[in-house]
Amino acid sequence: MKLHNTLTRNVENITPLRDNIARIYSCGPTVYDHAHIGNLSAYIFADTLRRSLQLAGYTTKHVMNYTDVDDKTIRRSHEQYPHDEPMQALRKLTDHYIQLFNNDMDRLGNDIAAVTFVRATDHIGSMKELTRRLYERGFAYLADDGVYFSIEAYQKSGKTYGQLLELTPQNTSEARIKNDEYDKDNIHDFALWKKQKSGEPAWDFELDGQDMTGRPGWHIECSAMSRDELDQPFDIHTGGVDLIFPHHENEIAQSTALTIPTMAQSFVHNEHILVDGKKMAKSAQNFYTLQDIIDKGFDPIAFRLLVLQAHYRSQAHFSWDNLEAAQNRLQKYRAFADLLWELPDTGKSSDPNLLNDAKNDIISALQNDIDTPHALARLSDTEGQWLRVLSSESKETFKPFLEFIDQALGLNLSHTKDITDTQYELIHRREQARRAKDWKQSDDLRNQLKEQGIGVRDDTPGGDVWYRL
RNA sequence: GGCGCGUUGGCCGAGUAGUUAGGCACAGCUCUGCAAAAGCUGCAACACCGGUGCGAUUCCGGUACGCGCCUCCA
């Protein structure tokens, strides 16, 4: 399995470090609002990555976190539930958005059952513990508003800060220096733990005899959770390119300061989805949610296809035209899947290479740095040969192929349902009408079927073939 | 200011040192009672300027434009 590793900036072969189990940690959502489709595309990628590892024959352990305590969740929970206790308000808010998030994930074809979801607030204990150990070993210091990680101490211990990107003094924007309003020694130092401000939810914490009651910093959450759930080092850490710095760099620093040489053997980052050539972001107000897409009559899986049509390391463009193109493509795939019901129940494939070659090509495309555009091209190619499928396959041979496509790409094609006996009857009557050259009757029947969302392909060997519109 | 990435036909989007994925859209033809489907054909691209090659869209250098990161961010 080849993957692009941000640590080395190269596509390299990856094999699991331990027990043939691929351990993946994906930075998940901050659950303070609806996820927008740019956020969601990162999880479509993570889902596809896990599927690809499974196809490569590895067992996977895939962990994704919910960031359910941070500045935004706290602010938002106070706005929405001003009369509740801070902790209770936080819980209400994050419970709500976790539920919405899971629903979006499911609608997008992401296999949520294959992922272990963890909440930051369920791991506060290990966050405190990690903070304490970093402090005791001299990698952290106390400030008025919290506990900070010391980049200087980290570097003096012989470690590199800047493993994922080059960091130089010139590389730091003036804006950052000007905005540096916190009480820290070095501009890159970051909070491991923040002391409670009034009205904020907080957890008891005593460090070096001082009351540090408060909450964890963002970066420590992922270091602690990934260690709790996967141990370190694990195999693959995923996230959007925006997380490379500082988030993942800081996670590495926290996780490697004490003992282990690396946090994860591979960091994989997906590029952003652009709207009108710009990054989709809440702050830029140029974002859409999955519900926006659904309200416009699009299928969530069409959006999945739009994401998969571009390589994860290139910026994809979102537009309604592109989404419509993806939806059309999905319709074709579904019509292809509907062929299942036209096939005989049993019988060996008389054209065994047709589906096997496609399957193997799709597997190799995915093993090659998750080359989903190539995999989809191959699927489209196979779809274009539906007549051959119709004449050579049976349910016994075609169903597993659809299941394979679903396993590999999450398109839910094998969920195709048969049409009703009444609808078959309509198709049958139309064929008879056509044979009798009763064109009015046959057109009537065709319209009836159309109203029920069924299209008919004439003149195929063995009788008319239906598909969903 | 620093670092990184990109620029492919009407649109999206792969790929390659010589034979050029795929999707969407469009035009014509065949087939068809009509339509759909299918088949055939057409359409049309590798930002610009140099360099190295017999040969570059593909490698190297530069220019222009765009994007991202350096701050919360998928």
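These numbers come from the heavy atoms of this one structure, side chains and all, not from hydrogens, waters or symmetry mates. All figures in this text were calculated on a predicted structure; none of them were measured in a lab. Labels below follow one simple rule: chain letters A, B, ... track the order of the sequence lines, proteins then strands, and each chain is numbered from 1.
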Enquirer: Would you mind checking if A:Asp464 and A:Arg457 are paired as a salt bridge, meaning a charged N to carboxylate O distance below 4.0 Å?
Expert: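 Answer for the salt bridge query: no.
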
Enquirer: Does the separation of the ring centres of A:Phe398 and A:Phe336 fall below 6.0 angstrom?
Expert: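 Yes.
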
Enquirer: What integer distance in Å separates A:Ile236:CD1 from B:A74:C1'?
Expert: 17 Å

Enquirer: Got a donor-acceptor pair under 3.5 Å from the side chain of A:Asp458 to the base of B:C31?
Expert: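 No.
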
Enquirer: Centroid-to-centroid, A:Tyr288 to A:Trp320, below 6.0 Å?
Expert: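 Yes.
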
Enquirer: For a quick check of understanding: with a heavy-atom distance under 4.0 Å over all strands, which category does A:Asp321 fall into, base, sugar-phosphate or nothing?
Expert: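 The answer is nothing, as A:Asp321 stays clear of every strand by at least 4.0 Å.
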
Enquirer: Could you check A:Lys279 against A:Ala42 and say which one's nearest nucleotide on RNA chain B is further toward the 5' end?
Expert: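 The answer here is A:Lys279.
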
Enquirer: Report which part of the nucleic acid A:Leu243 touches: base, sugar-phosphate, or nothing (heavy-atom distance under 4.0 Å, all strands).
Expert: sugar-phosphate

Enquirer: So A:Ser380, base contact, sugar-phosphate only, or nothing? Heavy-atom distance under 4.0 Å.
Expert: sugar-phosphate

Enquirer: By the 4.0 Å heavy-atom rule, please label A:Gly38 as base, sugar-phosphate, or nothing.
Expert: base

Enquirer: Reckon A:Asn322 has a side-chain N or O less than 4.0 Å from the OP1 or OP2 of B:C12?
Expert: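 It does not, given that no N or O in the side chain of A:Asn322 lies less than 4.0 Å from OP1 or OP2 of B:C12.
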
Enquirer: Within the 4.0 Å heavy-atom criterion, would you say A:His247 contacts the bases, only the backbone, or no part of the nucleic acid?
Expert: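 No contact.
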
Enquirer: With sugar-phosphate meaning primed atoms plus P, OP1 and OP2, does A:Leu306 contact a base, only sugar-phosphate, or nothing at under 4.0 Å between heavy atoms?
Expert: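 A:Leu306: no heavy atom of the nucleic acid under 4.0 Å.
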
Enquirer: Base, sugar-phosphate or nothing for A:Ala310? Non-hydrogen atoms, less than 4.0 Å.
Expert: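 Sugar-phosphate: the residue A:Ala310, judged by heavy atoms under 4.0 Å, touches backbone atoms but no base.
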
Enquirer: Record whether the side chain of A:His374 comes under 3.5 Å of the base of B:A21 through a donor-acceptor pair of N or O atoms.
Expert: no

Enquirer: For the residue pair A:His188 and A:Phe245, is the inter-centroid distance of their aromatic rings smaller than 6.0 Å?
Expert: yes

Enquirer: For a quick check, tell me whether the side chain of A:Arg446 and the base of B:C34 share a donor-acceptor pair closer than 3.5 Å.
Expert: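 Result: at least one qualifying N/O pair found.
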
Enquirer: Of A:Ser319 and A:Ala326, whose nearest nucleotide on RNA chain B comes first from the 5' end?
Expert: A:Ser319

Enquirer: For A:Arg434, report the nucleic acid contact type (base, sugar-phosphate, nothing); a contact means any heavy atom under 4.0 Å.
Expert: base

Enquirer: Just name whichever nucleotide pairs with B:G68, Watson-Crick or G-U, keeping both distances under 3.5 Å, else none.
Expert: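 Partner of B:G68: B:C3.
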
Enquirer: Using a heavy-atom cut-off of 4.0 Å across all strands, would you classify A:Phe45 as base, sugar-phosphate, or nothing?
Expert: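 Nothing, no heavy atom under 4.0 Å.
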
Enquirer: Counting only Watson-Crick or G-U wobble pairs whose two distances fall under 3.5 Å, which nucleotide matches B:G50?
Expert: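 Partner of B:G50: B:C60.
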
Enquirer: Both distances under 3.5 Å, Watson-Crick or G-U wobble: report the partner of B:G55, or none.
Expert: none

Enquirer: Considering every strand shown, what is the Watson-Crick or G-U wobble mate of B:A27 when both distances are under 3.5 Å?
Expert: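 Looking at the geometry, B:A27 pairs with B:U41.
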
Enquirer: How would you label the contact of A:Ala325 with the nucleic acid (heavy atoms, under 4.0 Å): base, sugar-phosphate, or nothing?
Expert: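 Sugar-phosphate contact only.
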
Enquirer: Counting distance alone, no hydrogens or angles: does the base of B:G33 have a donor or acceptor under 3.5 Å from a partner atom on the side chain of A:Asp443?
Expert: yes

Enquirer: Kindly say if A:Ser442 contacts the phosphate of B:G33, meaning a side-chain N or O under 4.0 Å from OP1 or OP2.
Expert: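 Result: no.
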
Enquirer: Could you check, using the six-membered ring where one of them is a Trp, whether A:His311 and A:His374 have ring centers closer than 6.0 angstrom?
Expert: no

Enquirer: Identify whether any heavy atom of A:His317 sits under 4.0 Å from a base atom; if not, whether one sits that close to sugar-phosphate; answer base, sugar-phosphate or nothing.
Expert: sugar-phosphate

Enquirer: Select one nucleotide: of B:A74, B:A38, B:A21, the one nearest the side-chain heavy atoms of A:Ala377.
Expert: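 In terms of side-chain proximity for A:Ala377, the closest of B:A74, B:A38, B:A21 is B:A21.
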
Enquirer: Taking the side chain of A:His272 as heavy atoms from C-beta outward, which of B:A14, B:A37, B:G68 is closest to it?
Expert: B:G68

Enquirer: Looking at A:Lys332, does any N or O in its side chain come under 4.0 Å of the phosphate oxygens OP1/OP2 on B:C24?
Expert: yes

Enquirer: Please confirm whether the ring centroid of A:Phe303 lies under 6.0 Å from the ring centroid of A:Phe298.
Expert: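 Not under 6.0 Å, so no.
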
Enquirer: Both distances under 3.5 Å, Watson-Crick or G-U wobble: report the partner of B:A21, or none.
Expert: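 Result: none.
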
Enquirer: Using salt bridge (Lys or Arg N to Asp or Glu O under 4.0 Å), reason through A:Arg215 and A:Glu200 one step at a time and then give a plain yes or no.
Expert: CA-CA 9 Å; A:Arg215 60 185 169 92; A:Glu200 287 187 348; 3.6 Å; yes

Enquirer: Contact class for A:Ala316 vs. all strands (heavy atom < 4.0 Å): base, sugar-phosphate, or nothing?
Expert: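 Touches sugar-phosphate only.
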
